[in-house]
Amino acid sequence: MAVRRWPVPNWEEAVPPKIVVPRGLTIDEAVASALAEAFSGRIYERGVVVPPAKWSDAAAALRDDYGYRFLRDLTATDWLERPHRGEWRFELIGQFAAVPGKTTISLKTHLEEEEAAPSLVSLFPAAEFLEREVFDLMGIRFSGHPSLERILLSEDWEGHPLRKDYPVTGYENWNWEGHR
Amino acid sequence: MNQAAVEKNTVRRHSGEPSEGRSGGAFPAERIEIVSEEGAGGRKTMYLQMGPQHPSTHGVLKLELELDGETIERVVPRVGYLHRCAEKLGERDRYVQAIPHTDRMDYVASMTQNLALCEAVEALLGLEIPLRARLLRVLLCELQRIASHMVWLGTHALDLGAMSPILYCFRDREEIQDLFEEACGARLTYSYIRIGGFYTPPSPRFFSWCREVLNRLPEKIDSYEALLTENPIFIRRLKGVGYISAEDAIAYGLSGPVLRGSGVARDIRVDEPYAAYDQIRPRVITRDEGDCYARFLVRMEEMRESVRLCREALEALEAAEPGPYLAENDLVVPPPKEDIYQDMAAMIRHWIIAIHGFKVPEGEVYRAVETPRGELGVFVSSDGSGRPFRLHYRSPCFVSLGALERMAKGGMLSDLVAIIGSIDVVLGEVDR
């Protein structure tokens with residue numbers, strides 16, 4: 001059997017070059033540009049970035065004016081290095097889908113270390129659990145949330161594990177005897 | 001209800017400064033007084049903890065209930081008992097190493113969970129998956145949907161007092177699990193779908209066996225329907241229970257059969273086709289009633305639809321040109337085993353991919369798949385390294401539990417069991 005000759009790879013250079021927008025995802029450019037204009041945001045490849053003060057207004061516009069009534073997901077990323085450069089630290093990302101329809105859009109905002117984001121619970125009841133999860137694991141507060149408390153971890157947990165400065169092993173040694 | 005236990009519980013939860021985030025305040029202090037005193041409206045209400053060891057909560061779900069007699073005034077789900085840090089560990093590990101974590105999220109439908117992560121990373125990499133692999137993914141995920149719905153049907157009926165369906169359902173699910181064992185060697189947590197395709201092609205026997213199983217399935221689904229669909233006790237336990245309107249279902253972010261049971265035709269397989277769903281088009285099944293019985297009918301119909309999709313995928317697979325089940329990308333996909341055994345360079349490449357993993361270009365992606373429970377979304381943010389910068393799973397049951405109070409309020413305590421069953425909650429996925 002003929003064996004294909006495999007070139008020996010070079011790990012250091014082994015970065016696939018391209019980014020492809022996934023199949024089947026269409027982003028309505030008109031909605032994105034209208035939203036960016038109305039809320040002093042800017043467009044990126046999958047949606048719009050708005051300032052934190054306009055976060056809930058932009059979500060309300062998405063729901064009421066453009067039919068994005070389905071909040072699919074709400075999550076956050078922690079960019080630990082950025083505050084050293086005088087920038088924001090957290091990025092809050094919401095995914096919205098039009099119902100009925102096949103278009104999706106994502107909405108982002110950037111938050112400082114202790115900055116609270118406006119809550120979306122009054123617009124999207126689905127945000128109640130999702131915001132509690134973001135608060136629990138990432139430590140972002142949402143102003144106007146009816147009961148912002150931990151959801152996955154116990155109430156006496158210290159720290160927010162998905163922050164980049166939280167070690168994977170936790171802050172303290174833990175053993176099965178039940179003592180920390 | 002032990003009064004001392006109630007007070008101890010509440011005192012513990014409300015001690016200290018009631019700061020935001022630490023109050024545990026689903027039942028604030030003034031609520032607790034209602035337990036013994038005349039409450040709002042001059043009626044006595046009772047505080048009851050249901051779970052986490054309650055058998056009909058399908059795992060470790062704790063519900064804090066406020067009851068007026070047997071009528072539910074308030075439901076507060078307490079989740080997190082099965083939290084296994086899948087997202088944090090995902091950031092620590094390489095992309096390939098995150099796949100086994102997804103198996104353990106929804107252990108009833110592991111194949112679809114594997115697929116969600118792989119689809120997201122493949123989208124970020126820009127990998128083209130061969131048609132055969134995409135068809136096989138459809139075949140396996142639809143089989144998985146049938147198996148998962150069998151578990152749901154058996155346990156749901158058991159919760160409502162029907163003892164025999166669970167025996168038939170688990171007997172028949174066994175066949176599908178045997179089939180998966182034939183394909184990949186595992187029966188529950190597969191990790192079969194890998195980034196770029198499959199880690200091994202299924203054996204030739206798999207396809208003929210699969211056809212036999214598919215031929216037997218429709219009459220089995222008929223037999224479940226004969227047991228339950230026209231059963232007056234079953235209907236009276238489900239009809240009109242747990243109603244949620246289409247607007248509410250959308251607002252609460254429900255997905256999957258629960259959303260389609262409220263008359264909203266939203267199905268990720270149709271709206272954002274992944275795998276080979278752009279060629280094998282599913283029919284979206286909806287019911288307008290919005291109650292537990294509608295969700296039951298939607299799922300039963302989905303099982304039949306899945307059998308049809310499996311047949312189509314199997315026929316397309318047999319008609320497709322022979323070839324590998326893996327994408328062609330030397331940086332991401334390890335070489336086939338025969339090459340590894342014969343060629344030094346192929347073995348080095350295999351080692352490098354196994355040890356160092358692969359780098360993923362900078363960017364972020366949100367990809368969703370339609371699992372048996374609804375929309376499972378995977379958000380991957382990459383900083384160009386070999387590990388995800390952020391890996392987030394949007395699990396359908398977690399979001400659906402947020403609407404539990406909306407569905408259960410004003411109903412009877414015994415109906416709550418039916419509603420939990422109709423959401424088809426799997427706690428491994430809720431807590432991740």
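Chain letters run A, B, ... following the sequence lines, proteins first, then strands; residues in each count from 1.
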- Item | Electrostatic pair B:Glu272-A:Arg72, nearest N-O below 4.0 angstrom | yes

Taking side chain as everything from C-beta outward and backbone as N, CA, C, O, which of these in [X] sits under 4.5 Å from a heavy atom of chain A? Side chain, backbone, both or neither.
X	answer
B:Leu89	side chain
B:Val264	side chain
B:Val399	side chain
B:Leu259	side chain
B:Glu87	both

Given heavy-atom pairs under 4.5 angstrom as the criterion, report whether the side chain, backbone, both or neither of [X] touches chain B.
X	result
A:Asp136	neither
A:Arg63	neither
A:Leu74	backbone
A:Leu153	side chain

- Mind ranking B:Glu91, B:Glu247, B:Met344 by heavy-atom pairs under 4.5 Å with chain A and telling me who comes out on top?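 When all of B:Glu91, B:Glu247, B:Met344 are compared, B:Glu91 has the most.
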
- Message: Taking every non-hydrogen pair under 4.5 Å, which of B:Glu122, B:Arg406, B:Arg92 racks up the most with chain A?
- Response: B:Arg92

- Task: Give the C-alpha distance, both sets of side-chain angles, the deciding distance and a yes or no for side-chain contact (heavy atoms from CB on, under 4.5 Å) between A:Leu137 and B:His392.
- Result: CA-CA 11 Å; A:Leu137 301 179; B:His392 172 73; over 6 Å; no

Please give me the minimum heavy-atom distance between [X] and [Y], naming the atom from each residue.
X	Y	value
A:Ala126	B:Gly253	CB-N, 3.7 Å
A:Pro125	B:Ala251	CD-O, 3.3 Å
B:Phe398	A:Leu152	CE1-CD2, 4.3 Å
B:Phe389	A:Asp78	CZ-O, 3.1 Å

[X] [atom1] to [Y] [atom2] distance, which is reported to the nearest 0.5 Å:
X	Y	atom1	atom2	answer
A:Asp73	B:Tyr393	CG	OH	12.5 Å
B:Arg394	A:Glu133	CZ	CD	10.5 Å
A:Thr77	B:Leu391	OG1	CG	12.5 Å
A:Phe70	B:Asp271	CZ	CG	10.5 Å

- Look only at the side chain of B:Lys88 and the backbone of A:Arg163, and say whether a donor-acceptor pair between them is shorter than 3.5 Å. yes

- B:Arg390 (side chain) donor-acceptor with A:Ala76 (main chain) under 3.5 angstrom: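 Yes; judged by distance alone, with no hydrogens or angles, the pair exists.
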
- Could you walk me through whether A:Glu128 and B:Tyr252 pass the side-chain contact (heavy atoms from CB on, under 4.5 Å) test, one step at a time? CA-CA 9 Å; A:Glu128 186 180 345; B:Tyr252 277 90; 5.8 Å; no

- Partner set under side chain to side chain donor-acceptor pair (under 3.5 Å) for B:Tyr277, not counting sequence neighbours: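 With neighbours one apart ignored, the set is B:Glu142.
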
- Give a yes or no on whether B:Lys409 atom NZ has more than 12 heavy-atom contacts from other residues, nucleotides or ligands under 6.0 Å away. no

- Intermediate values then yes/no, side-chain contact (heavy atoms from CB on, under 4.5 Å), A:Thr75 and B:Tyr366: CA-CA 11 Å; A:Thr75 186; B:Tyr366 177 85; over 6 Å; no

- Query: Does anything in residues 79-92 of chain A get under 4.5 Å of chain B by heavy atoms, and if so which residues?
  - Reply: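 The residues closer than 4.5 Å to chain B, in numerical order, are A:Trp79, A:Glu91.
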
